[in-house]
Amino acid sequence: MIPEMTEILERISTCVELGKVDIKSPYPPAMKGQEGAFELTRLALDEGVSPGDILEKALIPAMSRVGQKFSRNEIFVPQMLMAAKAMSSSMTHIKPFYLSGETKRRGTFIIGTVKGDLHDIGKNLVSMMIEGSGWEIVDLGVDVSTEKFIEAVEKHPGSVVGLSALLTTTMENMRKSVEVLKNRFPAMKILVGGAPVTEEFCRKIGADFYSPDPQGAVEYLRTLT
Ligand code: B1M
């Protein structure tokens, strides 16, 4: 990759890490008046940087650094929120690339973040990439109760369901939802993911597949069609 491209990826990553959304955003004060994640992502794409590189080399590492700083009590919830906002502003440019991938729908994929959990960045990435690989998406959002999953499955028979959890505390709600869904719809495939979820946990709760990332989810769904 040419140095200018590496530099722009680093700038995007810094904007996300520090929560610099766009040029108008006064936060963080030290970056007032500077371009933010929104403008720099547009610029990077216009200069030929691939959406995949922006995602994997700028956005995801930035969020991972944010998480590490949060764990060390170096930043707090408001800073995390600004980082998430900056990441979302960058994603507005990236999303259309994933959506233009294929047109034929392979099936319906219902996705949601489990009850009690408000994290949606990872879920949105998964949903976007699955949509880009040809599935119709029913996104139930965050804090999704088991009943809401059931209603969606009844409305879309034959669908595959994906559950995301980002908190160790909400993994228990994932377990409960999977248990109820499997009892009610035994043939339905359930995919689980999210930072604290593991292959072992997936097996233990009776889900069909665990993926640590969106690509694994896309590949699994490909095996079903
Ligand atoms: Co929160 N948070 N957060 N947070 N937050 C974490 C998850 C945490 C690890 C931070 C830390 O302590 N280091 C920690 C959880 C600790 C734990 O449970 N062990 C934590 C905490 C504690 C909390 C609060 C409790 C903080 C508080 O209020 N005291 C609170 C809980 C609120 C709630 O949900 N009820 C909270 C709140 C928030 C914000 C609202 C401020 C914000 C979320 C904004 C939003 O999502 N709209 C936020 C953020 C941004 C984070 C971190 C920094 C980043 C999460 C993220 O978006 N990562 C996070 C630390 C971290 O993970 N590094 C943290 C980027 C995203 C691309 O990755 O979501 O893992 P991820 O998704 C990946 C994979 O996991 C996978 O694909 C994605 C792309 O690779 N994947 C799937 C995800 N879902 C999948 C589903 C699949 C397949 C793959 O199939 C269906």
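Remember, predicted model here, so these are calculated numbers, not experimental data. In listed order, ligands and their atoms are each counted from 1.
The option from Val114, Thr113, Leu166, Val192 that lies nearest to atom 69 (O) of ligand 1, judged by heavy atoms, is Leu166. Taking each of Gly193, Gly216, Gly122, Pro212 in turn, the one with a heavy atom nearest to atom 74 (C) of ligand 1 proves to be Pro212. Of the listed residues (His119, Glu56, Arg72), the one carrying the non-hydrogen atom nearest atom 48 (C) of ligand 1 is His119. When the heavy-atom distances from atom 18 (O) of ligand 1 to Ile110, Val126, Thr168 are ranked, the shortest goes to Thr168.
Of the protein's heavy atoms, Met63 CE, 4.0 Å lies nearest to atom 54 (C) of ligand 1. The protein heavy atom nearest to atom 28 (O) of ligand 1 is Val77 CG2, 3.8 Å. When hydrogens are left out, the protein atom nearest atom 79 (C) of ligand 1 is Pro214 CD, 3.5 Å; that is the closest non-hydrogen contact. Given atom 57 (O) of ligand 1, the protein heavy atom at minimum distance is Ile121 CB, 3.3 Å. Of the protein's non-hydrogen atoms, the one nearest atom 90 (O) of ligand 1 is Leu191 CG, 3.6 Å. For atom 60 (C) of ligand 1, the closest non-hydrogen atom of the protein is Gly67 CA, 3.5 Å. In terms of protein heavy-atom proximity, atom 12 (O) of ligand 1 is closest to Phe70 CD2, 3.2 Å. When only non-hydrogen protein atoms are considered, atom 84 (N) of ligand 1 lies nearest to Ser164 OG, 2.8 Å.
Residue contacts with ligand 1: Leu167 is placed with no nitrogen or oxygen under 3.5 Å of a nitrogen or oxygen of the ligand (distance criterion only). Inclusion of Gly116 in the set of residues having an N or O under 3.5 Å from an N or O of ligand 1 is warranted. Considering backbone and side-chain atoms together, Thr169 places no N or O closer than 3.5 Å to any N or O of ligand 1. The shortest N/O to N/O separation between Asp120 and ligand 1 falls below 3.5 Å. Among the atoms of Ala195, some N or O lies under 3.5 angstrom from an N or O of ligand 1.
A donor-acceptor pair under 3.5 Å links the side-chain atoms of Ser13 to the main chain of Ala58, judged by distance alone. Tyr27 contributes no side-chain N or O that, together with a main-chain N or O of Met82, makes up a donor-acceptor pair within less than 3.5 Å. A donor-acceptor contact shorter than 3.5 Å is absent between the side chain of His156 and the backbone of Thr108. No donor-acceptor distance shorter than 3.5 angstrom exists from the side chain of Asp117 to the backbone of Thr113, with no hydrogens or angles considered. When atom types are taken as modelled, the side chain of Asp22 and the backbone of Gly36 share no donor-acceptor pair closer than 3.5 angstrom.
Salt-bridge annotation for Glu154 and Arg184: present, with a side-chain N of the basic residue lying under 4.0 Å from a carboxylate O of the acidic one. Ion pair Glu10/Lys57 not flagged as a salt bridge, since none of the NZ, NE, NH1 or NH2 atoms sits closer than 4.0 Å to an Asp/Glu carboxylate oxygen. Classification of Arg175 and Glu172 as a salt-bridged pair holds, one side-chain N sitting under 4.0 Å from a carboxylate O. Salt-bridge annotation for Glu136 and Arg106: absent, with no side-chain N of the basic residue lying under 4.0 Å from a carboxylate O of the acidic one.
Every atom of ligand 1 with a heavy atom of Val66 under 4.0 Å away is listed here by number and element: 53 (C). If you number the atoms of ligand 1 from 1 as listed, the ones under 4.0 Å from a heavy atom of Asp213 come out as 77 (O). Interface atoms of ligand 1 facing Leu81, defined by a heavy-atom separation under 4.0 Å, are 40 (C), 41 (C). Short contacts between ligand 1 and Ser211, defined as distances under 4.0 Å to a heavy atom of the residue, involve ligand atoms 88 (C), 89 (C). Near Asp117, meaning under 4.0 Å from one of its heavy atoms, ligand 1 places the atoms 34 (O). Listed by number with element, the atoms of ligand 1 under 4.0 angstrom from any heavy atom of Gly162 are 91 (C).
Between Leu166 and Gly194 the shortest heavy-atom distance is CD2-CA, 4.1 Å. Of all heavy-atom pairs spanning Ala86 and Ala37, the tightest one is O-CB, 3.5 Å.
Distance remark: protein heavy atom not present below 4.0 angstrom from atom 24 (C) of ligand 1. Closer than 4.0 Å to atom 8 (C) of ligand 1 lies none of the heavy atoms of the protein. Of the protein's heavy atoms, at least one falls inside 4.0 Å of atom 50 (C) of ligand 1. Checking atom 45 (C) of ligand 1 against the protein gives a heavy-atom contact under 4.0 Å.
Note on ring orientation: taking the six-membered ring where Trp is involved, the planes of Phe109 and Trp135 are perpendicular (angle over 60°, cut-offs 30° and 60°).
With Phe185 as reference, Met188 is the one residue of Lys189, Met188, Lys182 to meet the side chain to side chain contact (heavy atoms under 4.5 Å, CB included) rule.
The shell of residues lying under 4.0 angstrom from ligand 1, judged by heavy atoms, includes Gly194.
The line from CD of Glu47 to CD1 of Ile8 is 5.5 Å long, rounded to the nearest 0.5 Å.
Contacts with ligand 1 closer than 4.0 Å are made by no heavy atom of Val197, backbone or side chain.
Here the side chains of Thr92 and Ser88 are not in contact, with every heavy-atom distance at 4.5 Å or above.
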Q: Start with the C-alpha distance between Lys85 and Leu81, add both sets of side-chain angles, then the distance that settles side-chain contact (heavy atoms from CB on, under 4.5 Å), and finish with yes or no.
A: CA-CA 6 Å; Lys85 212 170 159 195; Leu81 268 178; over 6 Å; no
Q) Does the pair Glu17 and Lys69 meet the rule for a salt bridge (charged side-chain N to carboxylate O under 4.0 Å, His left out), with working shown? A) CA-CA 10 Å; Glu17 183 177 354; Lys69 284 187 185 170; 3.0 Å; yes
